[in-house]
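Both counts, for ligands and for their atoms, begin at 1 and track the order of listing. Count residues from 1 along the sequence.
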Amino acid sequence: MGCTVIVGGAYGDEGKGKIISYIALKDEPSIAVRGGVGPNAGHTVVSQGKTLKLRMLPSAVVNPKTRLMIGPGVLVDCDVLLREIEATSSQERTKVDRNCGIIETRHIQEDKGGHLRETIGTTGTGTGPANAERVLRSARVARQEQRISKYIGDVSLLVNEALDNGEFVLVEGTQGTLLSLFHGAYPYVTSKDVSASGICSDVGIGPKRVDEVLLVFKAYLTRVGAGELEGELSPEETVKRGWEEYGSVTGRLRRAAPFNYELAKRTVMLNSATQIAITKLDTVYPEASKAQKFEELPETARAFIDSIENRLRTPVVFIGTGPDARDIIDRRSATQ
Ligand code: IMP
Ligand code: MG
């Protein structure tokens with residue numbers, strides 16, 4: 001089954017965690033490996049009535065057989081990581097690359113004030129200051145952290161060996177392409193590239209290793225923090241449409257806007273997406289709630305999906321119709 005890379009097509013919070021949890025249960029990856037920035041990400045995973053909020057571990061944690069890894073490009077907050085390992089009893093299947101950067105208390109303090117907090121509206125989790133220090137080559141790295149020593153390994157090697165053996169590896173991106181340091185609207189971006197190429201580099205796989213690039217969009221746009229959001233709705237209109245969401249890391253009310261085809265076309269291009277997932281279709285079209293077949297969707301919702309496929313020239317293979325991992329339309333067999 002090779003290698004699938006999952007990335008966000010917008011400003012983060014596209015529902016990647018939900019799509020990943022479904023794939024983890026259905027396709028049973030032998031390894032799920034996290035790329036992306038670090039604990040500024042918040043992934044919500046709902047399985048069998050249990051809600052998990054993850055900031056460090058891969059969202060594929062819902063499948064107890066999947067080995068969980070964090071690639072060397074990622075920043076680790078040891079407190080958050082150890083808490084999540086404990087909460088999910090994942091001690092025996094977690095590996096952290098020895099070269100991951102370490103977030104320290106002073107990075108978090110620096111991220112909670114001044115320019116970063118007031119102008120950029122960061123998540124305040126220390127990732128920007130820690131990456132800056134990493135570039136200056138004065139940061140601590142994971143192999144120096146006694147507290148996580150039993151989880152340290154050579155993740156890039158393990159991932160490449162699994163691919164050599166023909167195993168299925170799921171590479172989990174975080175944030176979204178429009179927040180990329182390189183491809184977003186600087187300076188209203190995160191502290192690294194988070195497009196598919198950046199995520200591959202984070203885990204140590206070359207571009208020829210990748211079989212599918214799955215780009216995840218929500219049926220509408222949301223954004224937390226500062227920066228442009230075309231077509232932004234007023235908070236009243238956001239609530240009226242039932243599109244209100246609160247940040248899973250920051251608790252902030254997310255700004256919202258309708259789906260934007262032009263932006264989506266651009267992120268399909270930047271990621272060389274081969275597949276698309278659309279999440280929260282049931283939020284925009286309540287009759288779509290819990291549908292598991294395309295034919296069960298209301299006419300308007302089907303037309304929306306068709307127009308995405310036509311305009312982005314990429315198949316929509318997953319459609320999220322509710323919060324649970326199993327509330328999904330999986331069209332892969334129908335489209336391949
Ligand atoms: P930072 O990544 O915490 O430095 O924040 C930079 C910008 O990216 C801010 O606008 C944050 O709100 C946004 N951001 C970072 N991570 C996420 C995420 O996982 N979801 C949504 N927005 C994010
Ligand atoms: Mg999130």
Side-chain angles (χ1 to χ4, degrees), residues 6-21 34-46 51-59 73-77 80 84 101 103 107-135 172-195 198-199 202 216-218 220-229 232 243-257 263 267 277 279-280 283 320 323:
I6 301 185
V7 282
Y11 300 102
D13 307 313
E14 297 94 351
K16 293 180 290 295
K18 184 240 156 63
I19 300 295
I20 292 166
S21 58
R34 256 282 248 111
V37 185
N40 51 349
H43 293 160
T44 305
V45 173
V46 184
T51 300
L52 270 176
K53 289 201 188 283
L54 300 165
R55 290 169 55 196
M56 292 275 23
L57 285 181
S59 299
V74 179
L75 293 168
V76 171
D77 181 322
V80 177
E84 290 182 6
I103 297 177
H107 298 134
I108 299 173
Q109 279 159 355
E110 194 181 334
D111 205 9
K112 283 191 191 295
H115 160 78
L116 287 172
R117 187 46 161 252
E118 279 137 40
T119 311
I120 310 299
T122 68
T123 58
T125 52
T127 49
N131 267 335
E133 204 171 300
R134 199 174 182 190
V135 172
E172 303 187 10
T174 62
Q175 284 80 37
T177 309
L178 298 174
L179 289 176
S180 164
L181 178 64
F182 299 162
H183 305 295
Y186 186 91
Y188 302 107
V189 291
T190 189
S191 55
K192 266 182 43 188
D193 178 36
V194 287
S195 68
I199 300 299
D202 285 340
V216 183
F217 295 102
K218 191 155 57 185
Y220 50 96
L221 289 172
T222 57
R223 178 163 202 179
V224 286
E228 200 195 0
L229 180 60
E232 181 170 359
W243 295 3
E244 77 271 22
E245 296 179 10
Y246 296 88
S248 65
V249 173
T250 58
R252 294 179 286 189
L253 174 67
R254 292 179 182 152
R255 302 155 61 203
L263 288 177
T267 60
T279 63
K280 292 203 156 189
T283 302

Enquirer: Using a 4.0 Å heavy-atom threshold (strictly under), name the region of Arg252 that reaches ligand 1: side chain, backbone, both or neither.
Expert: side chain
Enquirer: Closest non-hydrogen protein atom to atom 10 (O) of ligand 1, residue and atom name please, with distance?
Expert: Val224 O, 3.1 Å
Enquirer: Which residue, Thr127, Asn40, Thr123, Asp193, forms the side-chain hydrogen bond (donor to acceptor under 3.5 Å, both in side chains) with Gln175?
Expert: Asn40
Enquirer: Could you check whether Arg255 pairs with Glu232 (Lys NZ or Arg NE/NH1/NH2 to Asp/Glu carboxylate O, under 4.0 Å)?
Expert: yes
Enquirer: Identify, for atom 3 (O) of ligand 1, the protein heavy atom at the shortest distance, and state residue, atom and that distance.
Expert: Thr123 OG1, 2.6 Å
Enquirer: Would you call His43 a ligand 1 contact, heavy-atom distance under 4.0 Å?
Expert: no
Enquirer: Which atom name does Asp13 have for its N/O/S atom nearest to the Mg ion (ligand 2)?
Expert: OD1
Enquirer: Is there a polar contact, in the sense of an N or O pair closer than 3.5 Å, between Ser191 and ligand 1?
Expert: no
Enquirer: Looking at atom 2 (O) of ligand 1, what's its closest protein heavy atom, distance included?
Expert: Thr190 OG1, 2.7 Å
Enquirer: Taking distance alone, with N or O pairs closer than 3.5 Å, would you say Thr122 contacts ligand 1?
Expert: no
Enquirer: Given side chains that start at C-beta, do those of His43 and Lys16 come closer than 4.5 Å, heavy atoms only?
Expert: yes
Enquirer: Distance from Glu172 atom CD to Ile19 atom CD1, nearest 0.5 Å?
Expert: 12.0 Å
Enquirer: Quick one: which of Val194, Leu179, Val189 has a heavy atom closest to atom 6 (C) of ligand 1?
Expert: Val189
Enquirer: If you measure from OH on Tyr188 to OG1 on Thr119, what distance do you get to the nearest 0.5 Å?
Expert: 6.5 Å
Enquirer: What is the closest protein heavy atom to atom 21 (C) of ligand 1, and at what distance does it sit?
Expert: Asp13 OD2, 2.9 Å
Enquirer: Is the shortest N/O to N/O distance between Gln175 and ligand 1 below 3.5 Å?
Expert: yes
Enquirer: Under 4.0 Å from any heavy atom of Tyr11, which atoms of ligand 1 are there?
Expert: 21 (C), 22 (N)
Enquirer: Would you name the heavy atoms of Ile199 and Val7 that are closest together and state the gap between them?
Expert: CG1-CG1, 3.7 Å
Enquirer: For atom 18 (C) of ligand 1, find the nearest protein heavy atom and state the residue, atom name and distance (0.1 Å precision).
Expert: Asn40 O, 3.9 Å
Enquirer: What is the nearest protein non-hydrogen atom to atom 19 (O) of ligand 1, stated with its residue, atom name and distance?
Expert: Ala41 CA, 3.2 Å
Enquirer: Given Ser191, which of Asn131, Leu181, Asp111 fulfils the side chain to side chain contact (heavy atoms under 4.5 Å, CB included) condition?
Expert: Asn131
Enquirer: Is any NZ, NE, NH1 or NH2 atom of the basic residue among Asp202 and Lys192 found under 4.0 Å from an Asp or Glu carboxylate oxygen of the other?
Expert: yes
Enquirer: Do any N/O/S atoms of Gly42 come under 2.8 Å of the Mg ion (ligand 2)?
Expert: yes
Enquirer: Over all heavy atoms of both residues, which pair between Glu84 and Met56 is shortest? Give the atoms and the distance, please.
Expert: OE1-N, 3.0 Å
Enquirer: Measuring from atom 9 (C) of ligand 1, which candidate in Pro187, Gly124, Gly121 has the nearest non-hydrogen atom?
Expert: Gly121
Enquirer: Stepwise, does the side-chain contact (heavy atoms from CB on, under 4.5 Å) test hold for Leu221 with Leu229?
Expert: CA-CA 8 Å; Leu221 289 172; Leu229 180 60; 4.2 Å; yes
